[in-house]
Enquirer: 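Have a look at this one before I ask anything.
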Amino acid sequence: MVSRVIPVQPFDLVLFGATGDLARRKILPGLYHRFTVGQMPPEARIIGSARSKMDAAGFREKVRAALEEFTPAADRNEEQVDGFLDRLDYVSVDASGKGGWKELAAALRPDVVRAFYLSVSPSLFSGIAARLHDSGLATADSRIVVEKPFGHDLNSAQELNAGLRANFEEHQIYRIDHYLGKETVQNLMALRFANSLFEPLWNATHIDHVQITVAETIGVDGRGAYYDGSGAMRDMIQNHLVQLLCLTAMESPSKFTPNAVRDEKVKVIQALDPVEPSDIVRGQYRADDGGDGYCDHVGNPDSRTESFVAMKVHVSNWRWAGTPFYLRTGKKLRARESEIAVVFRDPPHTIFPNVGRLRGNVLVIRLQPDEGITLRTTIKDPGPGGLRLTEVSLDMSFAEALGADSRPQDAYERLVMDVIRGDQTLFMRGDEVEAAWAWVDPVIQSWADSGDRPAKYDAGSSGPEDALMLMHRDGRRWREIGG
Ligand code: NAP
């Protein structure tokens with residue numbers, strides 16, 4: 001199956017932080033891929049910007065090196081790389097000062113879509129928004145894109161929102177959560193709302209519980225100082241896992257428009273019960289094989305920051321009363337794996353002799369390492385010798401379904417093109433981000449008040465013992481990480 005590519009409108013995309021890690025690893029390679037499939041019209045231009053002084057030719061050479069490092073060799077040929085580099089320009093701007101803004105204004109065209117991508121520290125967001133506005137660079141139709149983290153708590157998120165909204169309208173602001181750009185996450189909406197099979201069963205009557213896991217094998221990986229001031233609750237739960245929970249739990253929007261979808265997501269966050277201390281476990285990884293542990297990695301021997309969180313969450317509404325959502329995320333775990341597992345209730349009665357308890361179906365929406373959807377079903381064990389039952393998975397891997405020559409799109413590719421198209425569906429709205437902080441803040445505060453330390457867990461394990469108990473005491477089990 002070959003996907004259709006519809007070119008977007010001509011645009012000027014100003015990439016602040018164009019020499020940074022995220023731009024080099026994700027944003028510029030993503031834009032290159034969109035160029036190679038023909039989604040960028042000939043008039044599209046990308047204007048890199050940072051404080052470093054260089055000319056357009058110097059910037060192009062840096063981007064060439066980034067493409068060599070971060071795109072597969074099979075996706076690169078000289079002609080295409082040169083064609084993409086031709087679209088690039090560079091203007092040195094000090095985002096917190098006065099230098100470079102006039103030159104940036106001179107580089108922009110009046111009659112194309114204008115987008116400003118802030119791949120810089122969030123401390124620069126409000127200042128850049130103000131300068132874009134005051135220098136007249138932000139037109140009524142311009143878009144501004146901001147990266148995570150969007151705040152550290154509710155107060156700081158409100159301040160960021162105020163800083164952006166003082167200069168841009170909400171419909172111009174694109175807050176990135178790259179999990180929303182994953183094919184599978186959107187497929188969850190398609191699965192639920194474009195099929196008649198699942199939605200009648202998508203409630204507490206039929207679903208026993210939902211497990212959402214985002215497991216990483218890496219540690220803090222050079223982000224120690226940032227991570228130690230943040231932790232898994234802020235870095236993963238408040239944004240990515242809450243977003244996955246929202247898409248799983250939300251009601252059907254009346255239509256597939258950005259605000260209709262986001263209205264339903266906000267309602268889910270507002271329906272979340274405060275988390276009981278007994279329903280949450282936080283952990284910190286130990287040194288593996290005599291190597292460094294979390295505290296060594298962040299250079300803080302007394303750190304109480306969590307590298308792991310497992311929690312039981314109740315969505316207090318008619319649809320979900322009695323069906324808990326278990327969320328779990330952590331670093332240095334057994335495998336890199338992200339999934340949403342919807343565990344249906346066990347069949348109420350069995351007609352088959354000697355088979356014991358029948359287990360419920362499990363629908364697994366897999367985000368990493370490969371994207372796909374599986375449904376665990378019970379069938380007859382093939383062969384003679386009586387009717388025995390066995391479990392098999394109906395498996396839909398997107399790589400297979402889309403064909404060998406169809407390269408899966410990275411989340412950033414999709415999201416950047418959505419910005420140009422002016423589609424905010426897969427971006428977080430300001431009230432949504434604030435609602436998520438309002439929900440996680442009391443948990444973080446209670447940890448700070450208690451002074452308790454996170455439970456230790458072994459690197460390469462599936463987290464602290466207490467996390468297993470969180471489900472065991474409810475008569476349930478986590479799915480095996482890497483199983
Ligand atoms: P980074 O590697 O430190 O890059 C920062 C970029 O900002 C550089 O291009 C830097 O270039 C520029 N910059 C810094 N101060 C500036 C100023 N005053 N005026 C203009 N440009 C300035 O950071 P990053 O890892 O790419 O992260 C960028 C943003 O994405 C952050 O908000 C981060 O939280 C977020 N993010 C990153 C990742 C990731 O994997 N890296 C993932 C998710 C979110 P000059 O020094 O030349 O000015």
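For ligands, and for the atoms within them, numbers begin at 1 and follow the listed sequence.
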Enquirer: Charged N to carboxylate O under 4.0 angstrom, Arg64 versus Asp82?
Expert: yes

Enquirer: Among all protein heavy atoms in this structure, tell me which lies nearest to atom 35 (C) of ligand 1, with the distance rounded to 0.1 Å.
Expert: Lys148 O, 3.2 Å

Enquirer: Report the nearest protein non-hydrogen atom to atom 19 (N) of ligand 1: residue, atom name, distance rounded to 0.1 Å.
Expert: Ala95 N, 2.8 Å

Enquirer: Within a distance under 4.0 Å of any heavy atom of Ala50, pick out the atoms of ligand 1 and give their elements.
Expert: 9 (O), 11 (O), 21 (N), 45 (P), 47 (O), 48 (O)

Enquirer: Just to confirm my output: which protein heavy-atom neighbour is closest to atom 27 (O) of ligand 1, and how far is it?
Expert: Leu22 CB, 4.3 Å

Enquirer: Identify, by atom number and element, the atoms of ligand 1 in contact range of Pro122, meaning under 4.0 Å from any of its heavy atoms.
Expert: 32 (O)

Enquirer: Any N or O of Ser52 that comes nearer than 3.5 Å to an N or O of ligand 1?
Expert: yes

Enquirer: For atom 6 (C) of ligand 1, what is the closest protein heavy atom, and at what distance to 0.1 Å?
Expert: Gly17 CA, 3.5 Å

Enquirer: Apply ring pair (Phe, Tyr, Trp, His ring centres under 6.0 Å) to Tyr285 and His297, showing your working.
Expert: CA-CA 10 Å; Tyr285 61 83; His297 287 167; 5.5 Å; yes

Enquirer: Where on Arg25 is there a heavy atom closer than 4.0 Å to ligand 1, on the side chain, on the backbone, on both, or on neither?
Expert: side chain

Enquirer: Charged N to carboxylate O under 4.0 angstrom, Arg421 versus Asp418?
Expert: yes

Enquirer: Would a 4.5 Å heavy-atom cut-off, applied to side chains only, mark Lys331 and Phe308 as touching?
Expert: no

Enquirer: Of all the non-hydrogen atoms in the protein, which one sits nearest to atom 10 (C) of ligand 1, and at what distance?
Expert: Thr19 OG1, 4.0 Å

Enquirer: Closest non-hydrogen protein atom to atom 32 (O) of ligand 1, residue and atom name please, with distance?
Expert: Val120 O, 2.7 Å

Enquirer: Who are the side chain to side chain contact (heavy atoms under 4.5 Å, CB included) partners of Ser446, not counting sequence neighbours?
Expert: none

Enquirer: Minimum distance, heavy atoms only, to atom 1 (P) of ligand 1: which one of Val146, Val93, Asp21 is it?
Expert: Asp21

Enquirer: Among Arg223, Arg24, Arg51, which one puts a heavy atom closest to atom 17 (C) of ligand 1?
Expert: Arg51

Enquirer: How far is atom 4 (O) of ligand 1 from its nearest protein heavy atom, and which residue and atom name does that atom have?
Expert: Gly20 CA, 3.2 Å

Enquirer: For atom 28 (C) of ligand 1, what's the nearest protein heavy-atom neighbour? Residue, atom name and distance, please.
Expert: Ser119 O, 3.2 Å

Enquirer: Can you tell me how the ring of Phe168 sits relative to the ring of Phe116, calling it parallel under 30°, perpendicular over 60° and tilted otherwise?
Expert: perpendicular

Enquirer: Name all residues meeting the side chain to side chain contact (heavy atoms under 4.5 Å, CB included) criterion together with Phe35; count only those two or more places apart in sequence or in a different chain, and write none if there are none.
Expert: Met40, Phe84, Arg87

Enquirer: Walk me through it: do Phe427 and Ile176 pass the test side-chain contact (heavy atoms from CB on, under 4.5 Å)?
Expert: CA-CA 6 Å; Phe427 296 83; Ile176 290 222; 3.9 Å; yes

Enquirer: For side-chain contact (heavy atoms from CB on, under 4.5 Å), just list the numbers for Tyr326 and Val210, CA-CA rounded to whole Å, side-chain angles, deciding distance to a tenth of an Å, and then say yes or no.
Expert: CA-CA 6 Å; Tyr326 297 89; Val210 176; over 6 Å; no

